[in-house]
K.L.:
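Structure in C-alpha cells, see below.
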Amino acid sequence: YGKSSINKNNVVKEMTAKVLGVESSSLNASDSFFAIGLDSLSLFELSQNLSSSFKKSLKPTIFFQYPTIAELSNFLVPNGTSENIAYNIV
C-alpha cells in the first residue's frame, strides 16, 4: 500500500484486478466490469476503493454509466488532465 504515479487506465485496472484477485495484465481497458466477473459485492468494494483513491463520492451504479475500465477511467480523469496521476493503492 502506497502512493504511485501511473496511467489513468491502469489505476482502474489495477484496482479492479485487486478486487477480483487476478493479475492486472489479464484485464484490458475495453473489458466490461460485468463480463470480467464483478458481482454486486465486488462492485461495491471497488466503488469504495475508487472513491477513496480519487477523493470522489462514487456509488456502485457508476459501473452502469461507465461499464468499461476505459470509460470509467475517462470519467474519473477526463482528457486534458495529466495522464500520470497519483493515487493511493487501497
Side-chain angles (χ1 to χ4, degrees):
Y1 305 142
K3 210 165 209 178
S4 298
S5 184
I6 193 165
N7 176 286
K8 66 181 180 179
N9 281 333
N10 289 343
V11 173
V12 176
K13 190 163 93 167
E14 291 284 336
M15 297 181 90
T16 302
K18 187 172 186 331
V19 168
L20 284 170
V22 301
E23 292 293 322
S24 63
S25 60
S26 68
L27 303 175
N28 295 308
S30 60
D31 286 342
S32 159
F33 293 105
F34 305 101
I36 59 177
L38 289 171
D39 60 18
S40 59
L41 290 176
S42 53
L43 289 171
F44 178 77
E45 180 182 350
L46 182 56
S47 69
Q48 294 298 304
N49 293 348
L50 290 167
S51 291
S52 175
S53 293
F54 285 94
K55 310 239 182 306
K56 293 185 179 195
S57 178
L58 303 172
K59 297 184 185 319
T61 54
I62 194 77
F63 302 107
F64 292 101
Q65 290 176 275
Y66 305 98
T68 68
I69 291 170
E71 289 174 305
L72 184 59
S73 297
N74 286 330
F75 165 74
L76 292 170
V77 183
N79 289 336
T81 305
S82 173
E83 282 294 310
N84 290 318
I85 56 175
Y87 73 100
N88 288 310
I89 302 171
V90 182

K.L.:
Suppose we screen for side chain to side chain contact (heavy atoms under 4.5 Å, CB included). Which residues come up paired with Ser24, at least two apart in sequence or across chains?
P.N.:
Lys13, Glu14, Ala17
K.L.:
Only counting residues at least two apart or in another chain, list the ones meeting side chain to side chain contact (heavy atoms under 4.5 Å, CB included) with Asp31.
P.N.:
Leu27, Asn28, Ile36, Ile69
K.L.:
Are side-chain N/O atoms of Ser42 and Asp39 paired as donor and acceptor at under 3.5 Å?
P.N.:
yes
K.L.:
The test is side chain to side chain contact (heavy atoms under 4.5 Å, CB included); show your working for Leu20 and Thr16 and say whether it passes.
P.N.:
CA-CA 6 Å; Leu20 284 170; Thr16 302; 4.1 Å; yes
K.L.:
Is there a side-chain contact between Ser73 and Val12 (heavy atoms, below 4.5 Å)?
P.N.:
yes
K.L.:
Is the NZ or CZ atom of Lys59 both under 6.0 Å from the centre of the six-membered ring of Phe44 and within 45° of that ring's axis?
P.N.:
no
K.L.:
Could you tell me the separation between the CE atom of Met15 and the CG atom of Leu50, rounded to the nearest 0.5 Å?
P.N.:
5.0 Å
K.L.:
Just verifying a value: how many Å separate Glu23 CD and Lys18 NZ, rounded to the nearest 0.5 Å?
P.N.:
12.5 Å
K.L.:
Look up atom OG in Ser57 and atom CD in Gln48, then write down how far apart they are to the nearest 0.5 Å.
P.N.:
8.5 Å
K.L.:
Aromatic rings Phe63 and Phe33: how do their planes relate, parallel, tilted or perpendicular, breaks at 30° and 60°?
P.N.:
perpendicular
K.L.:
Begin with the C-alpha distance, continue with both residues' side-chain angles, and end with the deciding distance and a verdict on side chain to side chain contact (heavy atoms under 4.5 Å, CB included) for Phe34 and Leu43.
P.N.:
CA-CA 9 Å; Phe34 305 101; Leu43 289 171; 3.5 Å; yes
K.L.:
Taking all non-hydrogen atoms of both residues into account, name the closest pair between Tyr66 and Glu71 and its distance.
P.N.:
CD2-O, 3.7 Å
K.L.:
State the NZ-CD1 distance between Lys56 and Ile62, to the nearest 0.5 angstrom.
P.N.:
8.5 Å
K.L.:
List the atom of Pro60, the atom of Phe64, and the distance in Å for their closest heavy-atom pair.
P.N.:
O-CD1, 4.4 Å
K.L.:
Taking everything shown except Gln65 itself, do over 12 heavy atoms lie less than 6.0 Å from its CD?
P.N.:
yes
K.L.:
Among all residues two or more places apart in sequence or in another chain, which pass the side chain to side chain contact (heavy atoms under 4.5 Å, CB included) test with Ser51?
P.N.:
Leu58
